[in-house]
Engineer: 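First the structure, then my questions, so here it is.
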Amino acid sequence: MSVEPTDSNAPATAASSDFIRDIVAQHVAEQRYAKIVTRFPPEPNGYLHIGHAKSICLNFGIARENGGQCNLRFDDTNPVKEDVEYVDSITADVQWLIAGWADQCIGFKPKGAHPALITSNGKPDLFLGPVPPTAPNSEPFFASDYFDALHGYALELIKRGKAYVCDLTPKETEEYRGAPDKPGRDSPFRHRTIAENLDLFQRMTAGEFPDGARTLRAKINMASPNVWLRDPLLYRIRHVAHHHAGSKWCLYPLYDYAHCLSDYLEGVTHSICTLEFVDHRALYEWILEALELPRALPHQYEFAKLHLGYTLVSKRKLLTLVTEKIVTGWDDPRMPTLSGLRRRGIPASALRTFVTSVGVTKFDSVTEVAVFENAVRNELNTLAVRRLAVLKPIKIVLTNIPAGETIPCEATNDPQSETPTARTITLTREVFIDSDDFAEVPPPKYFRLKPGGEVRLKYACIIKLDEIVKDAAGQISELRCTADLTTRAGQPNSDKKVKGTIHWVSATQCLDAEVRLYDRLFNVAEPGSEEDFLKVVNPHSLEVVTAKLEPSLAAAALADRFQFERIGYFALDPRDSAPGKLVFNRTISLKDAWTAKK
RNA sequence: UGCCUGAUGGUGUAAUGGUAGCACAGGCGACUUUGACUCGCCUAGUCAUGGUUCGAAUCCAUGUCGGGCAGCCA
């Protein structure tokens with residue numbers, strides 16, 4: 001069952017240009033590549049979050065705007081941290097985010113396919129092209145499918161005298177590397193012969209040495225001012241099975257070595273990543289150039305990560321929230337994960353609009369949550385059908401309406417539509433209103449129900465408060481009001497103005513439902529820079545109420561988006577809601593200038 | 001004391017030698033059977049100092065401040 005509303009599929013804002021798109025545009029103008037190919041390369045060690053949405057929209061957006069392709073590739077070179085659980089969630093999240101927008105350019109590959117031997121410019125070469133995800137037996141790309149190819153390239157590097165087997169321990173390796181402002185020292189194993197390196201590397205591959213005993217390193221320059229060029233490690237020994245590649249290997253390539261070559265094998269033209277990899281670019285290029293590969297080389301471009309106020313975007317910290325049970329799971333609606341946001345009811349289109357509006361630069365910034373919330377409200381305002389619901393009910397008795405009488409009222413479903421439709425709701429003697437809409441001692445400029453005051457019940461009529469009835473404990477048990485039925489639509493006094501209009505549901509014709517009200521997970525704007533982010537968790541990030549809903553909500557479907565009028569936007573919880581047991585999540589509240597002012 | 005990278009209203013972003021614009025936020029007002037939406041108006045910015053130029057946010061120099069880099073993580 002779909003949980004996605006039919007949204008406006010095109011991005012609400014045309015993707016304006018940015019420095020990376022400008023580069024791509026120039027390459028297109030120069031006809032430098034036959035096709036623009038990008039990739040989204042998550043490591044399957046956690047769930048995707050809103051920060052990844054920026055990267056996904058950038059990479060898929062560029063492919064989309066240039067008739068190109070964007071491969072979904074798992075960067076799975078570290079089997080000890082990764083798991084198939086994440087492969088599945090990430091694949092689903094990516095497809096959800098780009099559905100109806102860029103799904104024509106996502107590249108998968110035939111299940112089980114590895115790079116094939118081809119001839120490029122008269123030389124032997126390896127290549128793995130894409131198939132659409134709709135193709136039978138397709139799956140995303142996996143860096144681990146390139147382990148054979150990568151191993152072959154490593155042999156080639158050794159033969160060219162550009163890589164060597166090093167026996168330094170991890171600690172020694174660190175010491176020899178020097179410091180940012182201090183050159184490193186050559187490893188004593190740097191000058192082994194090619195034959196010896198070849199032999200040792202094959203024996204590493206065969207499993208002759210324990211974890212950590214030896215590594216394969218690029219022979220570059222231990223005195224380089226760029227520490228990533230100080231003979232970086234290419235392979236390390238790990239006697240563990242791999243979640244995708246099985247138990248064939250006991251040595252695994254490192255990111256810098258695997259990534260550039262994975263890009264090459266897939267024919268990626270623009271390898272877009274975040275700023276922390278700027279220093280790695282020289283290595284990315286060194287490896288590809290050292291191999292003298294026969295096809296056009298990919299190039300790396302870097303942009304600033306998305307940071308959002310009051311939000312964490314660190315897989316490690318999000319994992320902590322899950323393991324410490326601060327939240328119920330990766331898809332808890334309070335989580336900034338794509339699955340959490342989806343479950344909360346946020347449309348993919350709103351996420352796309354948001355990350356597009358934030359832009360792409362090299363400036364490390366923090367975006368205010370208000371920008372995100374604005375994008376969500378904007379999208380939902382046109383998407384959501386209006387309904388009446390009362391979150392914290394107070395009973396009203398309309399003393400001049402006989403018990404048992406039902407007064408039909410016409411209510412608009414979609415006021416934003418050019419051709420609005422309506423439904424009928426029922427006014428009865430007893431109704432519920434929200435406790436926020438009544439004040440026994442009202443503050444100044446309070447437009448809602450107060451002693452002796454008048455207020456309009458939306459779509460119905462104006463009522464006047466006559467009497468507050470309290471129980472023995474002094475708690476308000478009901479409010480007794482008079483309804484002025486002549487102020488209903490179509491009646492003579494329908495134009496009568498009152499300051500306040502409030503929402504309501506019939507007490508005798510309504511539904512109970514669990515409604516989950518979410519608030520921000522953190523109390524500070526930058527929880528990520530907190531010494532202990534668990535200390536700034538908002539203890540009130542979830543409030544659960546039993547709400548009274550108008551009866552039509554019994555037919556709510558997972559893909560539906562509702563505005564409970566004057567309250568906010570709501571959607572069924574896809575995990576906990578069931579027929580006969582409605583559970584709604586508040587996606588986001590309506591803007592509230594009144595409470596904000598108070 | 002190394003290398004890389006950046007700096008435009010409160011926030012984010014545009015202007016690519018020629019009128020500093022847009023969005024969000026904030027303020028005021030209009031409209032309103034949602035204190036929503038919408039609309040109008042307003043507040044507020046080129047890190048600093050020099051230089052080049054008829055003209056500089058943009059080019060140059062110096063400085064200041066910020067971010068990143070020393071995993072057998074990605």
Side-chain angles (χ1 to χ4, degrees), chain A residues 13 16-19 22 41-43 45 75-78 80-82 166 168-170 173-174 177-184 211-217 224-230 233-238 251-252 254-256 258-259 273-282 302 304 309 315 357-375 377-378 381-382 386 388 411-412 415-416 445-448 456-462 487-489 494-503 563-568 589-597:
Chain A
T13 48
S16 54
S17 199
D18 55 64
F19 78 100
D22 288 348
E43 183 187 14
N45 66 346
D75 212 347
D76 55 351
T77 56
N78 186 2
V80 307
K81 286 192 175 179
E82 298 154 5
C166 180
L168 253 25
T169 65
T173 305
E174 189 186 327
R177 187 154 35 225
D181 56 348
K182 263 197 341 248
D211 287 4
R214 290 185 223 263
T215 58
L216 184 73
R217 302 178 69 173
S224 172
N226 181 345
V227 294
W228 291 101
L229 258 22
R230 320 242 263 225
L233 274 57
L234 268 22
Y235 273 92
R236 78 297 220 184
I237 298 172
R238 285 280 177 278
L251 81 177
Y252 293 94
L254 279 116
Y255 166 84
D256 288 294
H259 204 90
C273 61
T274 45
L275 251 25
E276 66 267 32
F277 293 101
V278 169
D279 293 325
H280 298 235
R281 189 174 58 231
E302 312 88 9
K315 272 198 241 176
S357 75
V358 160
V360 179
T361 66
K362 302 177 90 138
F363 179 60
D364 202 15
S365 62
V366 182
T367 299
E368 292 181 344
V369 253
V371 180
F372 173 64
E373 293 175 342
N374 177 259
R377 290 192 180 105
N378 254 333
N381 184 37
T382 52
R386 312 290 127 122
L388 297 187
T412 309
Q416 307 292 320
K445 307 254 284 183
Y446 188 79
F447 298 160
R448 285 107 100 144
R456 179 177 283 279
L457 295 183
K458 180 142 198 191
Y459 302 123
C461 62
I462 293 172
T487 59
R488 282 183 297 154
S494 65
D495 286 342
K496 180 173 174 186
K497 305 292 181 197
V498 283
K499 272 300 210 180
T501 298
I502 64 174
H503 56 94
Q563 184 196 104
F564 292 170
E565 294 210 45
R566 301 208 316 126
I567 303 173
S589 65
L590 244 34
K591 246 208 257 179
D592 184 359
W594 165 243
T595 347
K597 194 177 288 189

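Letters A, B, ... are given to chains in the order of the sequence lines, protein chains preceding strands, and every chain is numbered from 1.
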Engineer: Who passes salt bridge (charged side-chain N to carboxylate O under 4.0 Å, His left out) against A:K362, sequence neighbours left out?
Structural biologist: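 In terms of salt bridge (charged side-chain N to carboxylate O under 4.0 Å, His left out), with neighbours along the sequence ignored, A:K362 is linked to no residue.
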
Engineer: Say we look at B:rA57 and B:rC3: how far apart would their C1' atoms be, to the nearest angstrom?
Structural biologist: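 Result for the C1' pair: 27 Å, nearest Å.
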
Engineer: Holding to salt bridge (charged side-chain N to carboxylate O under 4.0 Å, His left out), I want the full list of residues that pass it with A:E174, two or more places apart in sequence or in another chain.
Structural biologist: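 A:E174: no salt bridge (charged side-chain N to carboxylate O under 4.0 Å, His left out) contacts found.
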
Engineer: Using the C1' atom as the reference point in each nucleotide, state the distance between B:rG9 and B:rG21 in Å, no decimals.
Structural biologist: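 Their C1' atoms lie roughly 12 Å apart.
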
Engineer: Please state the P separation for the pair B:rU49 and B:rC42 - nearest whole angstrom.
Structural biologist: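 Comparing P positions in B:rU49 and B:rC42 gives a spacing of 30 Å.
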
Engineer: Sequence neighbours left out, what passes salt bridge (charged side-chain N to carboxylate O under 4.0 Å, His left out) with A:K315? Give chain and number order.
Structural biologist: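 In terms of salt bridge (charged side-chain N to carboxylate O under 4.0 Å, His left out), with neighbours along the sequence ignored, A:K315 is linked to no residue.
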
Engineer: For A:E302, what residues pass the side chain to side chain donor-acceptor pair (under 3.5 Å) criterion, not counting sequence neighbours?
Structural biologist: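 Expected list: A:R281, A:Q300.
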
Engineer: Atom CD in A:E373, atom NZ in A:K591: separation rounded to 0.5 Å?
Structural biologist: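 That separation rounds to 10.5 Å.
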
Engineer: So which protein nitrogen or oxygen atoms get under 3.5 Å of nucleotides 7-9 of chain B's nitrogens or oxygens?
Structural biologist:
none

Engineer: After noting the C-alpha distance and the side-chain angles of A:Q416 and A:R386, does the key distance pass the side chain to side chain contact (heavy atoms under 4.5 Å, CB included) rule?
Structural biologist: CA-CA 10 Å; A:Q416 307 292 320; A:R386 312 290 127 122; 3.9 Å; yes

Engineer: On a whole-Å scale, what distance lies between the P atoms belonging to B:rC22 and B:rG29?
Structural biologist: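 Result for the P pair: 23 Å, nearest Å.
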
Engineer: Anti or syn, where syn is a glycosidic angle within 90° of 0; which label fits B:rG27?
Structural biologist: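 Anti, since the glycosidic angle lies more than 90° from 0.
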
Engineer: Suppose we screen for side chain to side chain donor-acceptor pair (under 3.5 Å). Which residues come up paired with A:R214, at least two apart in sequence or across chains?
Structural biologist: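 In terms of side chain to side chain donor-acceptor pair (under 3.5 Å), with neighbours along the sequence ignored, A:R214 is linked to A:D167.
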
Engineer: Say we look at B:rG17 and B:rG26: how far apart would their C1' atoms be, to the nearest angstrom?
Structural biologist: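 Comparing C1' positions in B:rG17 and B:rG26 gives a spacing of 35 Å.
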
Engineer: Between B:rC39 and B:rA44, how far apart are the C1' atoms? Round to whole Å, please.
Structural biologist: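 22 Å, rounded to whole Å.
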
Engineer: Run the ring-ring contact (aromatic ring centres under 6.0 Å, His included) test against A:Y459 and tell me which residues pass, sequence neighbours left out.
Structural biologist: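 So A:Y459 forms no ring-ring contact (aromatic ring centres under 6.0 Å, His included) with any residue.
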
Engineer: Among all residues two or more places apart in sequence or in another chain, which pass the ring-ring contact (aromatic ring centres under 6.0 Å, His included) test with A:H503?
Structural biologist: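 For A:H503, no residue satisfies ring-ring contact (aromatic ring centres under 6.0 Å, His included) once neighbours in sequence are set aside.
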
Engineer: Determine, for nucleotides 24-38 of chain B in 5'-to-3' order, which nucleotides have protein heavy atoms under 4.0 Å from the base (write B), from only the sugar-phosphate (write S), or from neither (write -).
Structural biologist: SS-------BBBBS-

Engineer: Would you give a per-nucleotide map of nucleotides 68-74 of chain B, 5' to 3', where B means the base has a protein non-hydrogen atom under 4.0 Å away, S means only the sugar-phosphate does, and - means neither?
Structural biologist: BSBSBBB

Engineer: Quick check for you: to the nearest 0.5 Å, what is the distance between A:R566 atom CZ and A:R448 atom CZ?
Structural biologist: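 Going from CZ on A:R566 over to CZ on A:R448, the span is 5.0 Å.
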
Engineer: Taking the side chain as everything from C-beta on, heavy atoms only, tell me whether A:R177 gets closer than 4.5 Å to A:L168.
Structural biologist: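 No; the side chains remain at least 4.5 Å from each other.
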
Engineer: So how far is it from A:D76 CG to A:N45 CG, rounded to the nearest 0.5 Å?
Structural biologist: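 Separation between the atoms: 10.5 Å.
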
Engineer: What's touching nucleotides 44-48 of chain B from the protein side, N or O pairs under 3.5 Å?
Structural biologist:
none

Engineer: Starting at CD1 of A:I462, measure out to OG1 of A:T501 and round the result to the nearest 0.5 Å.
Structural biologist: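 One gets 8.0 Å once the value is rounded to the nearest 0.5 Å.
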
Engineer: Under 4.0 Å between a side-chain N/O of A:T361 and OP1 or OP2 of B:rU13, yes or no?
Structural biologist: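 Yes, because at least one side-chain N or O of A:T361 sits under 4.0 Å from OP1 or OP2 of B:rU13.
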
Engineer: Starting at the 5' end of RNA chain B, write a dot or bracket for each base, bracketing those in Watson-Crick or G-U wobble pairs whose two distances are under 3.5 Å and using | for partners on another strand.
Structural biologist: .((((((..((((....[..)))).(((((.......)))))....(((((..]....))))))))))).....

Engineer: What distance do A:L233 atom CG and A:L216 atom CG have between them, rounded to the nearest 0.5 Å?
Structural biologist: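 It is 8.5 Å, given to the nearest 0.5 Å.
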
Engineer: Provide the distance between the two P atoms, one in B:rA36 and one in B:rC28, to the nearest whole Å.
Structural biologist: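 Rounded to whole Å, the distance is 13 Å.
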
Engineer: Do the non-hydrogen side-chain atoms of A:T215 and A:I237 ever get within less than 4.5 Å of each other?
Structural biologist: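 Side-chain contact under 4.5 Å: no.
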
Engineer: Considering only heavy atoms from C-beta outward, does the side chain of A:T367 approach that of A:F372 to under 4.5 Å?
Structural biologist: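 A side-chain contact is absent here, since even the closest heavy-atom pair is not under 4.5 Å.
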
Engineer: With rounding to whole Å, what would you report as the distance between B:rC24 and B:rC65 at their P atoms?
Structural biologist: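 To the nearest whole Å, 36 Å.
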
